[in-house]
2 protein chains.
Amino acid sequence: MSEKITIYDIAEKLNITAATVSRALNNNPKIKESTRELVIKTAAAMNYKQNKLALALKSGRSNNIGVIVPRIDSNFFASVIRGIEEELHPHGYQVIICQTHESPKRENENLYTLIDAQVDGILMSVTDVTNENDGAFRNVLEKNVPLIFFDRSKHIDGVSSVTINDFKGGYLTTKHLINEGCRCIAHLSGDQSLEIFKNRFLGYKQALLDNGMIFKEEYVIPVKSMVEAGKEAVDILLQLETPPDAIFSSSDFAALGAIQELKERNISIPKDFCVAGFSNEPFTKFMELSITSVDQSPLEMGKMSARVFLEQVDKTDTIKIEKKVVLAPELHIRKSSSKN
Amino acid sequence: MSEKITIYDIAEKLNITAATVSRALNNNPKIKESTRELVIKTAAAMNYKQNKLALALKSGRSNNIGVIVPRIDSNFFASVIRGIEEELHPHGYQVIICQTHESPKRENENLYTLIDAQVDGILMSVTDVTNENDGAFRNVLEKNVPLIFFDRSKHIDGVSSVTINDFKGGYLTTKHLINEGCRCIAHLSGDQSLEIFKNRFLGYKQALLDNGMIFKEEYVIPVKSMVEAGKEAVDILLQLETPPDAIFSSSDFAALGAIQELKERNISIPKDFCVAGFSNEPFTKFMELSITSVDQSPLEMGKMSARVFLEQVDKTDTIKIEKKVVLAPELHIRKSSSKN
DNA sequence: TACATAGATGTAATCGATTACACGAAAGTA
DNA sequence: TACTTTCGTGTAATCGATTACATCTATGTA
C-alpha cells in the first residue's frame, strides 16, 4: 500500500534537489543547518527509508556477509553462526547462510552465488580440502572479497583462519586416558583429508609415543560422525586379539554409539573401559553417564572469525594480511573416563 | 584484481549495445540466434557474472528472505532454518538470519532492518505476542512483504502461519501418562503469553478432565526452558501435601532437570514417577533413561513455511491469502514414561 | 512497383542513492 | 570599488541491468 518514499519525493516536497536531501541525511558538512533539520524532519514525517539496494549498487558494498557450513542443524555450527551474527550485527552486517551437506559441488555453487550476490565477505568451514576444482576459491580471491576459514581450514596464501588446536585436543584427551590407567587406547578417526581430524589423530599418536605406549594401526578406526558408526567400531575393536580398554573418538556421536554398544555387552564404563569424545555436544553433559569431551568454544570461534573479517574489510591495501588464530581446546572430564 | 565485467564490456567488444547483450542473455525471443550464441560464448569467455544488486534494484526483488528466530543455537530453530534453506535454495533465494534473544526491541529492529534490506519475504517465530509496539509489523504489511509465522505465531489478519497442534501434543502426552497409570500429573508450563505454551497447557488440562481426573492449579509450575528450572520445580512439587507421580513438561530441558532431581532423591523412574517433555531435543533419545517427548517436525515446519512463502510471493493480487498450516505432533514414547 | 509486416537492434529512461563539478550569492580583503 | 573566498545548492554522471519505444532492413503481398 504505502508508496515507497525516495529522496526525490522529499526533494519535490521541499522544492530542493535530491542531492541536497542526500547530503542532509548523510551529515555532509556543506549543508545549511536549517536545511538539514528541515530535511530530516520531513524525511521522518514521510516515513522515508533508505533503499539499501540502491546504496549497495552505488557503493559496491551490500552489507551482507556469507557463511558456508556443512549443515546448520549441528550444535557446533549453529553456535559458531550465533557468534558471527552477534559480533557483526552491531556493525550493520546481515548474515546469509549456506549449507554444503559435505558436497564439494554445493560448496562451489555457494561460493559463486555469494560472490554474485556481492557479499562483503565470506566466512566458511571447508567441506573437502581435496576439492581441486577451486576455480570457485580463485574467483573469491580475485574479486578481493575477504575470505576467512573457521574450524575446517584449507591452506591458501593470504587467507586467514580461526581454528582450535586440534592436535592439543587429541593430545590432552589421550594423555588423560593414559593417566586414568588405560593401557590400550583406540581412536575413532574422522575424514583424514580434513586437517582437524588429522590433527586430532596426530595428537593422539604423539601422546601415546610420549608416554611409552605403542601405536597400533589396527586401533584406528575411521568412522562417520554417527551413533551407528561408533557401535560398529566397537564391534570391530572387540574382535581384535588384544582389544583396547579405551576409546578416544573424534566425534561425540560415535563416542555415544561406542558407549551404547559397550553397555550392550555389559562392559563396565569407566571401570573396565573409558571413552572420550570431541566437540562437547550438549548431550555429552546431560547423560547420566556423562561423556568426557573436548570443547571447541564455538561461540568464541564465531566471534573471532567475525572480528578477523572486520579487520580485513576496511583494509583497502592490496597487501593481504594472513592471520591464523588458534583457540585453545578445553577438555571436559566427565564420568565416561573418570576411574577415580 | 579481476575487473568486474559488465554487459557494457561485452557489448563494446562485440560492437553491439548493452541492450542486445541483456536480451541475448535473458533468452529474449526477438534476438537473432547467431547473435545470442556469440554473446553467450563471449560472456563465458570474459567470465561475466550478472550483478545481482543492479538486478535487484531494477526489479525491486533482492532474492533474499529474512528469518527471525529467538536464537539459532537451539536444535529446533536450527532445524527449521535448515528446512527453509533447503526448500528455498533451488528457487534462488538466500536466507538471512536474525536473532532476537527474546527481546521485543531486537525483534522490531530486525523487522525494520530486513525491510530496509528489501527482502522478498520474512519468516519468523515471534518473541513476544504482547509486543504492542507493532509499528514494525504494520510496516511489513504495508510494504506488502509476505510475512509467515512458524511455531510461535501471532494473530494478524492476512498473515499465514505454520505451527504444530500444541494442544494435541499436550493432550496426547497427558493421555499417555494417564494410560500408564499415573494418577497425579503435574505440568511445567512455559510463557503463557505465547500460544504454543498456552495450548500445551490447555491440552494437558483437557486430557485430565476428559479422563475423570481433577485439575489442580498447584500442579502447574511455570518454568524457563532450563535444566535448573526443572530441578526447582520438582523441589516445589514434592513439598505439596499430595505430591504428583508424573510430570508433563513443556520443555525438554526442564524435563531433564526434573529427572535429575528425582534421581537425586532416589525416586525410581518410570516405576514411581513418569516424566515427559516437549520438542524431542536430540538428547532425549540419547539418554540411557531416554525421555518421552513430543516431536515438532522442525525440518518439515521449515520446508512448509518456505512453501507457503513461495505460494504468496508471486501472487500479485492484493487479496491476501491467509493460510494456517497445522502440523501433527508426534509423541515419542520412551523409557522415562514406560511402566510396562 | 508500392506498401504493410516481421525481425533485429539501437536509444534512452528507469530503479534510488551518491558525489564530482559547476554556479550564484554573500562575505571578506585590499 | 574590484576581486577573491566561502557557503550552499543545483546539474548531471554513475553504479549495472532491464525494457518500452523507435528505427532500420529485409521480406511478403497485392
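Everything numeric in this text was worked out from a predicted model, so none of it was measured. Chain naming here is simple, since letters A, B, ... match the order of the sequence lines and numbering starts at 1 in each.
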Peer 1: Quick one: closest heavy-atom pair of A/Phe137 and A/Met124, and the distance?
Peer 2: CE2-SD, 3.7 Å
Peer 1: Output the rounded distance in Å from CG (B/Leu14) to P (C/dT9).
Peer 2: 11 Å
Peer 1: List for me each residue that meets side chain to side chain donor-acceptor pair (under 3.5 Å) alongside B/Thr42, sequence neighbours excluded, and say none if there are none.
Peer 2: none
Peer 1: Do NZ/NE/NH1/NH2 and the carboxylate oxygens of B/Arg71 and A/Glu85 come within less than 4.0 Å?
Peer 2: no
Peer 1: Using the test side chain to side chain contact (heavy atoms under 4.5 Å, CB included), find all partners of B/Thr100 that sit at least two apart in sequence or belong to another chain.
Peer 2: B/Ile68, B/Pro70, B/Arg106, B/Glu107, B/Asn110, B/Thr127
Peer 1: For DNA chain D, which residues of residues 19-29 of chain B approach it to below 4.0 angstrom with any heavy atom?
Peer 2: B/Ala19, B/Ser22, B/Arg23, B/Asn26
Peer 1: Which residues satisfy the ring-ring contact (aromatic ring centres under 6.0 Å, His included) test with B/Phe77, sequence neighbours excluded?
Peer 2: none
Peer 1: Could you list, one pair per line, each protein nitrogen or oxygen that sits under 3.5 Å from a nitrogen or oxygen of nucleotides 13-16 of chain C, together with the distance?
Peer 2:
residue	atom	partner	partner atom	Å
C/dT14	O2	B/Lys58	NZ	3.4
C/dG16	N2	A/Ala54	O	3.4

Peer 1: How long is the line joining CD of B/Glu12 and P of C/dT9, in whole Å?
Peer 2: 19 Å
Peer 1: Taking CD from A/Glu33 and C1' from D/dT9, how many angstroms apart are they, rounded to a whole number?
Peer 2: 16 Å
Peer 1: Measure from the side-chain N and O atoms of A/Asp73 to the backbone N and O of B/Ala78, and report whether any donor-acceptor pair falls under 3.5 Å.
Peer 2: no
Peer 1: Check whether more than 12 heavy atoms from other residues, nucleotides or ligands sit under 6.0 Å from atom CD of A/Glu102, and answer yes or no.
Peer 2: yes
Peer 1: Of the options B/Ile122, B/Leu114, B/Ile65, which is the one that meets B/Ile96 in a side chain to side chain contact (heavy atoms under 4.5 Å, CB included)?
Peer 2: B/Leu114
Peer 1: Round to a whole Å and report the spacing from CZ of B/Arg61 to P of D/dA17.
Peer 2: 19 Å
Peer 1: Pairs under 3.5 angstrom, nitrogen or oxygen only, protein versus nucleotides 22-24 of chain D, please.
Peer 2:
none

Peer 1: Using salt bridge (charged side-chain N to carboxylate O under 4.0 Å, His left out) as the criterion, list what pairs up with A/Lys324, not counting sequence neighbours.
Peer 2: A/Glu322
Peer 1: How bent is the helix from C/dT1-D/dA30 to C/dA30-D/dT1, comparing axes over its five end pairs at each side, to the nearest 10°?
Peer 2: 60°
Peer 1: With sequence neighbours left out, write down each residue that passes side chain to side chain donor-acceptor pair (under 3.5 Å) with A/Arg23, or none if nothing qualifies.
Peer 2: none
Peer 1: Considering just the side-chain nitrogens and oxygens of A/Thr17, establish if one lies under 4.0 Å of OP1 or OP2 belonging to D/dT11.
Peer 2: no
Peer 1: Could you tell me the separation between the CD atom of B/Glu37 and the P atom of C/dA8, rounded to a whole number of Å?
Peer 2: 13 Å
Peer 1: Please identify each residue that fulfils salt bridge (charged side-chain N to carboxylate O under 4.0 Å, His left out) with A/Lys49, with sequence neighbours left out.
Peer 2: none
Peer 1: For A/Arg36, enumerate each residue passing the salt bridge (charged side-chain N to carboxylate O under 4.0 Å, His left out) test, keeping only those at least two apart in sequence or located in another chain.
Peer 2: A/Glu33
Peer 1: The criterion is salt bridge (charged side-chain N to carboxylate O under 4.0 Å, His left out); which residues satisfy it with A/Glu86, sequence neighbours excluded?
Peer 2: A/Arg82, A/Lys303
